[in-house]
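In what follows, a structure is listed as structure tokens, so that the remarks can point back to it.
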Number of protein chains: 2
Amino acid sequence: MGEPTIRDVARRASVSVASVSRALNGLENVRSETRDRIMAAVTELGYVPNAAARSLSLSRAHAIGVVLPDLHGEFFSECVRGMDREASRRGYLLLLSNMHDDSEQSAMALRAMRGRVDGLLVMAPHIAPASLERALPQALPAVLINAPGEVTSRPGLRIDNRAGVDAMVRHLLDSGYRNIVHVAGPDGNVDAQERAGAFRDAMQRLAPDLPARIMAGDFTEEGGAAAAQEILEGDAPIDAVFAANDMMAIGCLHALRAGGKRVPEDIGVTGFDDVPLARYLDLTTMRVRIADIGARAVARLVDMLDGQGPGDGTELQAPELMARSTTMPRAASSAVPRA
Amino acid sequence: MGEPTIRDVARRASVSVASVSRALNGLENVRSETRDRIMAAVTELGYVPNAAARSLSLSRAHAIGVVLPDLHGEFFSECVRGMDREASRRGYLLLLSNMHDDSEQSAMALRAMRGRVDGLLVMAPHIAPASLERALPQALPAVLINAPGEVTSRPGLRIDNRAGVDAMVRHLLDSGYRNIVHVAGPDGNVDAQERAGAFRDAMQRLAPDLPARIMAGDFTEEGGAAAAQEILEGDAPIDAVFAANDMMAIGCLHALRAGGKRVPEDIGVTGFDDVPLARYLDLTTMRVRIADIGARAVARLVDMLDGQGPGDGTELQAPELMARSTTMPRAASSAVPRA
DNA sequence: CGAAGCGACGTAACCGGTTACATAGCCTTC
DNA sequence: GAAGGCTATGTAACCGGTTACGTCGCTTCG
């Protein structure tokens, strides 16, 4: 009545279940005539192996658990797209579960994956590493995405914020901007902190004579606009705003233009992330290839599962400068010494 | 060595595996003292039931397979977000697989889900219903999302394009626009066809005296701009453009303004979908709650699985008018008779 | 010619749960 | 006080695969 099982196939092909299993898994020690009979039976019955039974006896599910926070649109889909691409290339399926803020429920979701997946991909930007480590089944290999710092023993994958900020600061200096202010993200956010710190360092290193101003922000468009207001009303001779993300850069851009500034002539504006809107507004920014991060995370995890060693530590994904029309080479430009 | 099994728990609590299973599944016939001993053993050992074993013996996986095409960002993530929300409320996990254009590989992905999922959520806008029906395991319940027409016997979920177009046409007429042109989407797309057809019908019904012009388009920004050029250069007295999606509306909006037209005074522009960019540009459009569609799809599927009957046929999700600043009530306005 | 070796194949145990059925202990009831 | 019923619990079969091990027949070689 139900779906055909391997025993049905065996009966139909007049062989034992062992032979069917061997034939299906491409083992060598099956006579080709036998194999043909088995394959015929398989197609006649429309047999498909039951994955649950397979996982149970192999203790291998060929599936990867993906636990993501409630991400904003583009980021989420790009990440999953990259994961799916790599996973399906490698013959794995993705088991998805949003990690809700409720850590109780997240723990539930994690347990529910027990026995279903061979490894975990976890993005938990706002979870303390210690409690994360506790929630993670210690038996399961896991790759952490954008986890805060090196605090964990798990292999990880992160945006190379330092390299990105470096490239952007260099671009601004090369273009001739001299009075650069960084609008930082919220305190709680790891990327925000890292970008702000990197900005300070980059300025110190690349242009020690110039001031490295940092303003507070919150990653929102309104926050960017507020920063712009402050700049318009202040008396500091700012000629470039480097926002810690694109949304703030966009808020900034509008407010500055509304305030009578010409961008990029009077003042340059740049962001970070390269959201679709940035491309649309022709905003200079750092492109973060999120899909690649997802794909690499899968690749590393599968390598671990196949015993290729744990890979070492945290891998960084370098963003790419997208120089567009909110910055321009300026008259007063002077070369910056290469590091 | 490996993870503890139910037998380990049974041994530790000095009971049989049957009692452990009963206690864990909340069966009534377990003495509370016994239950406590079992629970203690569970937490001491850190026992988590193996899902594969569970699915095998119950033939119930508590997971839902999700097969989506390679969707564009926002749509994908919204849809999955809605699904995940509802699925986790109902105690289900999501098994994800992008359906690549390669139908061979898609079939593979579908078989790989055999035994892993209790049902399928399939979005296949560009697959012929017949071949889809063939690829789908006939034993698995499935809910089709945005499937073309009623051609299939499976329950489905679709955007109510007719209602949406109706509402928009009514809004334009109410606002006083009289010479409305619809910029259609690509021929192959079901939504595009439906919207164009609905536009013709709505105009016929709500304003039989007015012309119902339709121009060809392709759902891209460039396509919208091209249509706008044609309007600018033509001599028809167009005073409103209703694009079949937001991206075309945006292309149109820019081209019209670049061509010297004032929007919304000289000409109204509207779209469909309410992508984030539309909100940003303050474009009048129809909001499609994609997340709700995903959530409803899960809800219906789970109802089917729980034997609540198959639900009947295709359910429609009504879009919502977002009247923003690319349309406005005009002087020459005259009321339109309500249907 | 018999033993050893080898390749193809079958038998049955196992993976880790669930559950039908058996059993045992206790309480009722006449 | 024995029979019957009820409840808590144990035993073992089963879900559908994989695979260690055994069997069988044939070839090869001393």
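Chain naming here is simple, since letters A, B, ... match the order of the sequence lines and numbering starts at 1 in each.
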List, with names and distances, any nitrogen or oxygen atoms from the protein found under 3.5 Å away from nitrogen or oxygen atoms belonging to nucleotides 24-28 of chain C.
none

Does any non-hydrogen side-chain atom of [Y] lie less than 4.5 Å from one of [X]?
X         : Y         : result
Leu110(A) : Val67(A)  : yes
Leu120(A) : Arg154(A) : no
Arg60(A)  : Asp118(A) : yes
Glu74(A)  : Asp273(A) : no

Practice item. Specify the angle, to 10°, made by the local axes at the two ends of the helix from dC1(C)-dG30(D) to dC30(C)-dG1(D) when five pairs are taken at each end. Key: 60°
**Study point:** Those residues of residues 25-38 of chain A lying under 4.0 Å from DNA chain C by at least one heavy atom
**Key:** Asn29(A), Val30(A), Arg31(A), Thr34(A)
Practice item. Looking only at non-hydrogen atoms, find the nearest pair between Val80(B) and Leu94(B) and report the distance. Key: O-CD2, 4.3 Å
At what distance, to the nearest 0.5 angstrom, does [atom1] of [X] lie from [atom2] of [Y]?
X         : Y         : atom1 : atom2 : value
Arg12(B)  : Tyr47(B)  : CZ    : OH    : 15.0 Å
Ile145(A) : Arg300(A) : CD1   : CZ    : 10.5 Å
Asp84(A)  : Cys79(A)  : CG    : SG    : 11.5 Å
Gln317(B) : Asn161(B) : CD    : CG    : 12.0 Å

Practice item. Applying side-chain contact (heavy atoms from CB on, under 4.5 Å), run through Met123(A) and Leu144(A) and close with a yes or a no. Key: CA-CA 6 Å; Met123(A) 182 181 325; Leu144(A) 268 34; over 6 Å; no
Check your understanding: So which of residues 56-63 of chain A are in contact with DNA chain D, with a heavy-atom cut-off of under 4.0 Å?
Key -> Leu56(A), Ser57(A), Leu58(A)
Check your understanding: side-chain contact (heavy atoms from CB on, under 4.5 Å) between Arg54(A) and Asn25(A): does it pass, once the steps are laid out?
Key -> CA-CA 12 Å; Arg54(A) 212 140 188 285; Asn25(A) 293 317; 2.8 Å; yes
Practice item. Evaluate side-chain contact (heavy atoms from CB on, under 4.5 Å) for Asn50(A) paired with Arg116(B), printing each intermediate quantity in order. Key: CA-CA 8 Å; Asn50(A) 181 306; Arg116(B) 275 188 226 264; over 6 Å; no
Check your understanding: When the nearest nucleotide of DNA chain D is assigned to Asn50(A) and to Arg22(A) on a heavy-atom basis, which residue is associated with the more 5' position?
Key -> Asn50(A)
Review point. For Glu86(B) and Arg296(B), what are the C-alpha separation, side-chain angles and deciding distance, and is it a salt bridge (charged side-chain N to carboxylate O under 4.0 Å, His left out)?
Key: CA-CA 8 Å; Glu86(B) 188 67 16; Arg296(B) 278 297 303 154; over 6 Å; no
Exercise for review: For Ser21(A), answer base if it contacts any base atom (sugar-phosphate contacts may also be present), sugar-phosphate if it contacts only those atoms, and nothing otherwise; contact means non-hydrogen atoms under 4.0 Å.
Suggested key: base
Practice item. Mind checking Val15(A) for me? I need base, sugar-phosphate or nothing, with any heavy atom below 4.0 Å counting as a touch. Key: sugar-phosphate
Point to revise | Positional range of nucleotides in DNA chain D within the contact set of chain A, heavy-atom, under 4.0 Å | key: dG16(D) to dT19(D)
Review point. Can you list the steps and then say if Leu157(B) with Asn146(B) is a side-chain contact (heavy atoms from CB on, under 4.5 Å)?
Key: CA-CA 6 Å; Leu157(B) 226 36; Asn146(B) 247 26; over 6 Å; no
Revision key, fill the gap. Side chain to side chain contact (heavy atoms under 4.5 Å, CB included) filter on Val302(A), not counting sequence neighbours, yields Ile64(A), Arg90(A), Tyr92(A), Val298(A), Asp306(A)
